[in-house]
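What you see below is based on every heavy atom in this structure, not just the backbone, and it leaves out hydrogens, waters and symmetry mates. Sequential numbering from 1 along the given sequence is applied to the chain's residues.
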Amino acid sequence: MALLVRLLPLALALALGPAATLAGPAKSPYQLVLQHSRLRGRQHGPNVCAVQKLIGTNKKYFTNCKQWYQRKICGKSTVISYECCPGYEKVPGEKGCPAALPLSNLYETLGVVGSTTTQLYTDRTEKLRPEMEGPGSFTIFAPSNEAWASLPAEVLDSLVSNVNIELLNALRYHMVNRRVLTDELKHGMALTSMYQNSDIQIHHYPNGIVTVNCARLLKADHHATNGVVHLIDKVISTVTNNIQQIIEIEDTFETLRAAVAASGLNTLLEGDGQFTLLAPTNEAFEKIPAETLNRILGDPEALRDLLNNHILKSAMCAEAIVAGMSVETLEGTTLEVGCSGDMLTINGKAIISNKDILATNGVIHYIDELLIPDSAKTLFELAAESDVSTAVDLFRQAGLGTHLSGNERVTLLAPLNSVFKDGTPNIDARTKNLLLNHLIKEQLASKYLYHGQTLNTLGGKKLRVFIYRNSLCIENSCIAAHDKRGRYGTLFTMDRMLTPPMGTVMDVLKGDNRFSMLVAAIQSAGLTEMLNREGVYTVFAPTNEAFQAMPPGELNKLLGNAKELANILKYHIGDEILVSGGIGSLVRLKSLQGDKLEVSSKNNVVNVNKEPVAEADIMATNGVVYAISSVLQPPAIRPQERGDELADSALEIFKQASAYSRLLFPRRASVILPGLLFLLPSLPRAS
């Protein structure tokens with residue numbers, strides 16, 4: 001019985017098949033891409049893989065899902081061809097590739113995978129062919145015939161002129177003294193070669209591409225009796241220098257060399273790790289205005305940010321880039337790395353002039369433009385790349401440019417250029433003060449702002465922060481784009497010019513002749529003190545014309561009844577501050593009268609209760625005022641609703657009276673309660 005219990009799990013597993021057993025190891029990216037290619041080719045028979053071929057070249061790629069539908073590699077069109085998957089061959093008269101390739105030794109397998117030139121050079125050495133045909137377990141990364149043909153003539157001559165030293169050593173560097181399949185080729189690993197135990201660098205990318213010293217794996221995992229063959233697209237050579245050493249010996253990196261030394265990053269670039277250095281040449285530095293370059297070179301923090309923006313966190317070989325991808329730099333910014341044909345691009349620009357210079361701790365690509373991060377820029381430089389140039393010109397004209405170019409910690413609230421489509425204000429004392437109120441006295445980040453926060457400006461004003469469901473506003477102006485945080489200043493792109501508050505709601509109304517009748521009505525209704533004290537109000541202010549449009553009798557009746565007048569006016573006052581940028585499609589704003597106002601915005605027109613607003617966002621220290629052209633009326637209460645309200649009130653009175661009677665007259669409660677119930681009006685809910 002005990003034996004049966006022990007054997008039962010095994011029997012169930014065998015009966016149910018693989019699905020019932022534990023899942024095997026996760027497939028590598030290369031295996032997943034190969035699996036997708038096999039899936040796309042299955043209609044042509046067993047073991048057929050779909051391959052994308054760049055038109056006009058011999059470059060082929062196993063296809064992933066995205067590339068399959070786009071039919072492009074590096075922006076260039078491809079055609080789909082179908083061929084036997086690695087390890088299989090055709091059989092005459094049969095569909096697909098049903099037969100597994102016969103196993104033979106490494107030397108013969110080289111011919112099978114299309115590396116006959118490697119076979120030829122192996123023959124020329126005295127020692128290597130017997131080793132490849134003999135017992136053992138080896139891995140060879142075999143260059144394709146095209147890879148050998150593309151070698152510079154002088155390099156090839158130096159190899160074949162000394163076959164038993166130079167050529168033998170070169171071939172041995174392509175070999176590992178054990179069997180290594182693609183599922184073992186991990187990103188950033190190093191394999192020990194058979195030439196002086198020199199390292200071979202392996203990178204296995206998420207898109208399924210595997211590189212060996214930045215040479216792309218073309219055909220992988222071709223088994224042999226004494227090892228495995230991987231076909232690669234380049235002849236690889238030993239790597240001896242780290243990134244820092246390459247910078248030191250290359251004349252084109254003279255300025256970069258000085259910058260690295262000044263920043264102290266040489267320790268990083270000569271240490272362990274796997275980085276990508278987008279190395280700016282001397283020419284790249286010369287393209288930058290001398291004033292900007294000298295400022296950055298003289299500022300250790302800005303210089304370090306600049307250089308860190310040229311260092312990627314992992315090694316990125318050019319062959320791995322077949323479409324656009326986002327990569328993070330050590331500085332923390334994101335670069336868009338892509339390709340256009342044979343050219344690599346950074347943020348859409350083909351600025352890489354030399355690629356895949358391999359180092360022991362990564363790879364270098366030469367670039368001929370500096371990648372200056374926001375964190376190393378002044379506000380002037382940030383604004384030059386944004387849609388706020390008109391506002392910045394106003395600061396310059398007003399003599400306030402030093403605030404945007406110095407080392408003062410500020411936040412610039414810069415309106416979009418479109419705000420000035422009808423013209424810019426004249427530069428006078430009032431405009432200058434207004435511009436100073438667009439500069440906050442500290443360097444902010446919008447993600448740390450909170451509702452109700454106050455910000456101090458260089459113009460001496462206090463600005464309030466309002467946070468709504470879909471917008472973040474400072475007074476009447478809302479943030480229209482992501483922050484740009486510079487060396488000392490932060491740029492907030494705003495959707496309009498700020499109008500700082502100039503007094504309380506009552507001050508605003510008294511200072512505008514359009515609202516003289518409203519001011520008189522507020523005073524008659526006894527609401528003046530409320531609108532003068534601290535608070536948060538949204539006031540929909542009827543103009544004189546709005547009152548004059550009412551029938552005279554109705555207007556006189558309203559103005560003569562202080563209680564009703566106060567009720568109507570309170571219906572025009574919301575119990576929070578709502579600026580137009582925070583409205584969205586529809587907001588139901590509770591009024592001080594109790595009913596809700598329906599506030600909406602469409603095509604930059606604000607409506608309240610479907611009536612258009614004449615002027616929005618007149619800011620006050622305790623609220624915001626909207627000028628409207630009609631007097632709003634609270635919704636009428638239907639008779640049934642009024643009856644329900646009376647019934648609810650009566651029931652509440654009855655409950656309270658019942659409680660008191662039980663407490664004060666416990667023995668007579670049975671007599672008092674029916675009497676109370678009899679006194680209740682016979683309303684629907686009272687029953």
Quiz item: Are Tyr205 and Tyr30 near enough that their ring centres are under 6.0 Å apart?
Solution: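 Not close enough - the centres of the two rings lie 6.0 Å or further apart.
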Whether [X] side chain and [Y] backbone form a donor-acceptor pair below 3.5 Å:
X	Y	answer
His222	Thr109	no
Ser375	Asp305	no
Ser115	Gly111	no
Asn177	Met194	no
Asn169	Ile165	yes
Lys72	Val322	no
Asn213	Ala215	no
Ser193	Met175	no
Glu94	Val91	no
Asn347	Val337	no

Practice problem: Only pairs at least two apart or in different chains count here, so list each salt bridge (charged side-chain N to carboxylate O under 4.0 Å, His left out) that has a residue in residues 228-254. | Solution: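 Only Lys234-Glu319 qualify under salt bridge (charged side-chain N to carboxylate O under 4.0 Å, His left out).
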Starting at [atom1] of [X], measure out to [atom2] of [Y] and round the result to the nearest 0.5 Å.
X	Y	atom1	atom2	result
Ile367	Ser353	CD1	OG	8.5 Å
Glu369	Ile288	CD	CD1	8.0 Å
Ile243	Phe253	CD1	CZ	10.5 Å
Thr122	Met132	OG1	CE	4.0 Å
Glu331	Ile372	CD	CD1	12.0 Å
Leu278	Thr276	CG	OG1	7.0 Å

Exercise. Establish, from distance only, whether the side-chain atoms of Thr333 and Asn309 form a donor-acceptor pair under 3.5 Å.
Key: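 Yes, Asn309 and Thr333 have a side-chain donor paired with an acceptor closer than 3.5 Å.
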Quiz item: Any side-chain donor-acceptor pair under 3.5 Å between Thr125 and Asn164?
Solution: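 No, no side-chain donor-acceptor contact under 3.5 Å.
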Quiz item: Going through the distances and angles, do Ile364 and Leu358 end up as a side chain to side chain contact (heavy atoms under 4.5 Å, CB included)?
Solution: CA-CA 6 Å; Ile364 298 175; Leu358 210 60; over 6 Å; no
Contacts of type side-chain contact (heavy atoms from CB on, under 4.5 Å), residue [X], not counting sequence neighbours:
X	value
Arg42	Leu39
Asn226	Asn105, Leu106, Ala224
Gln274	Gln201, His203, Ala315
Lys355	Ala318, Leu344, Ile352, His365

Quiz item: Under 4.0 Å between a Lys/Arg side-chain N and an Asp/Glu carboxylate O for Arg172 and Glu131?
Solution: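 Yes, this pair counts.
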Min side-chain heavy-atom separation [X]-[Y] under 4.5 Å:
X	Y	value
Leu335	Thr329	yes
Val210	His187	no
Val212	Leu185	no
Val48	Cys84	no
Leu379	Leu382	yes
Arg485	Gln443	yes
Arg179	Glu184	no
Thr240	Thr360	no

Practice problem: Mind running salt bridge (Lys or Arg N to Asp or Glu O under 4.0 Å) on Lys349 and Glu336 for me, showing each step along the way? | Solution: CA-CA 10 Å; Lys349 295 181 179 180; Glu336 293 297 324; over 6 Å; no
Exercise. Show your working on side chain to side chain contact (heavy atoms under 4.5 Å, CB included) between Gln244 and Val260 and close with a plain yes or no.
Key: CA-CA 9 Å; Gln244 179 62 29; Val260 168; 3.5 Å; yes
Practice problem: Decide yes or no on side chain to side chain contact (heavy atoms under 4.5 Å, CB included) for Arg487 and Asp299, but give the supporting numbers first. | Solution: CA-CA 10 Å; Arg487 176 66 179 92; Asp299 181 342; 2.8 Å; yes
Self-check item: Shortest non-hydrogen contact between Ile321 and Met316, atoms and distance
Solution: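 Taking every non-hydrogen atom into account, CD1-CG, 3.8 Å.
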Quiz item: Mind checking whether Phe141 and His230 have parallel, tilted or perpendicular rings, split at 30° and 60°?
Solution: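 Phe141 and His230: parallel rings.
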Self-check item: Other residues, nucleotides, ligands: >12 heavy atoms within 6.0 Å of Met343 CE
Solution: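 Counting other residues, nucleotides and ligands, CE of Met343 stays at 12 neighbours or fewer.
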Quiz prompt | Within 6.0 angstrom of Asn354 CG, more than 12 heavy atoms from elsewhere | solution =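 Correct, the count exceeds 12.
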Quiz prompt | Result of checking Thr116, Thr117, Thr118 against Trp148 for side chain to side chain donor-acceptor pair (under 3.5 Å) | solution =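 Result: among Thr116, Thr117, Thr118, Thr118 is the only option passing the side chain to side chain donor-acceptor pair (under 3.5 Å) with Trp148.
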Which atom pairs, donor and acceptor, lie under 3.5 Å between side-chain atoms of residues 55-69 and protein residues at least two apart or in another chain?
{"residue": "Thr57", "atom": "OG1", "partner": "Leu54", "partner atom": "O", "Å": "3.0"}
{"residue": "Thr57", "atom": "OG1", "partner": "Lys59", "partner atom": "N", "Å": "3.2"}
{"residue": "Lys60", "atom": "NZ", "partner": "Glu83", "partner atom": "OE1", "Å": "3.2"}
{"residue": "Thr63", "atom": "OG1", "partner": "Gln52", "partner atom": "OE1", "Å": "3.0"}
{"residue": "Thr63", "atom": "OG1", "partner": "Trp68", "partner atom": "N", "Å": "3.4"}
{"residue": "Asn64", "atom": "OD1", "partner": "Lys66", "partner atom": "N", "Å": "3.2"}
{"residue": "Asn64", "atom": "OD1", "partner": "Gln67", "partner atom": "N", "Å": "2.8"}
{"residue": "Tyr69", "atom": "OH", "partner": "Arg40", "partner atom": "NH2", "Å": "3.3"}

Practice problem: Check step by step if side chain to side chain donor-acceptor pair (under 3.5 Å) holds for Glu166 and Ser161. | Solution: CA-CA 8 Å; Glu166 297 294 335; Ser161 63; over 6 Å; no
Practice problem: Determine, step by step, whether Thr252 and Asn282 satisfy the side chain to side chain donor-acceptor pair (under 3.5 Å) criterion, reporting the C-alpha distance in whole Å, the side-chain angles of both residues, the deciding distance to 0.1 Å, and the verdict. | Solution: CA-CA 6 Å; Thr252 191; Asn282 296 336; 4.8 Å; no
Practice problem: Evaluate the side chain to side chain contact (heavy atoms under 4.5 Å, CB included) criterion for residues Glu283 and Lys287: first the C-alpha distance (whole Å), next the side-chain angles of each, then the deciding distance (0.1 Å), finally the verdict. | Solution: CA-CA 7 Å; Glu283 179 187 357; Lys287 291 180 180 179; 3.8 Å; yes
Quiz prompt | Test: Cys85-Cys49 SG spacing under 2.5 Å | solution =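 Disulfide present: SG-SG distance under 2.5 Å.
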Practice problem: Taking the two cysteines Cys317 and Cys214, decide whether their SG atoms are closer than 2.5 angstrom. | Solution: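 Yes; the two sulfurs sit under 2.5 Å apart.
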Quiz item: Is Arg129 close enough and on-axis enough to Tyr107, meaning under 6.0 Å and within 45°, for cation-pi?
Solution: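 The answer is yes; both the distance and angle limits are met.
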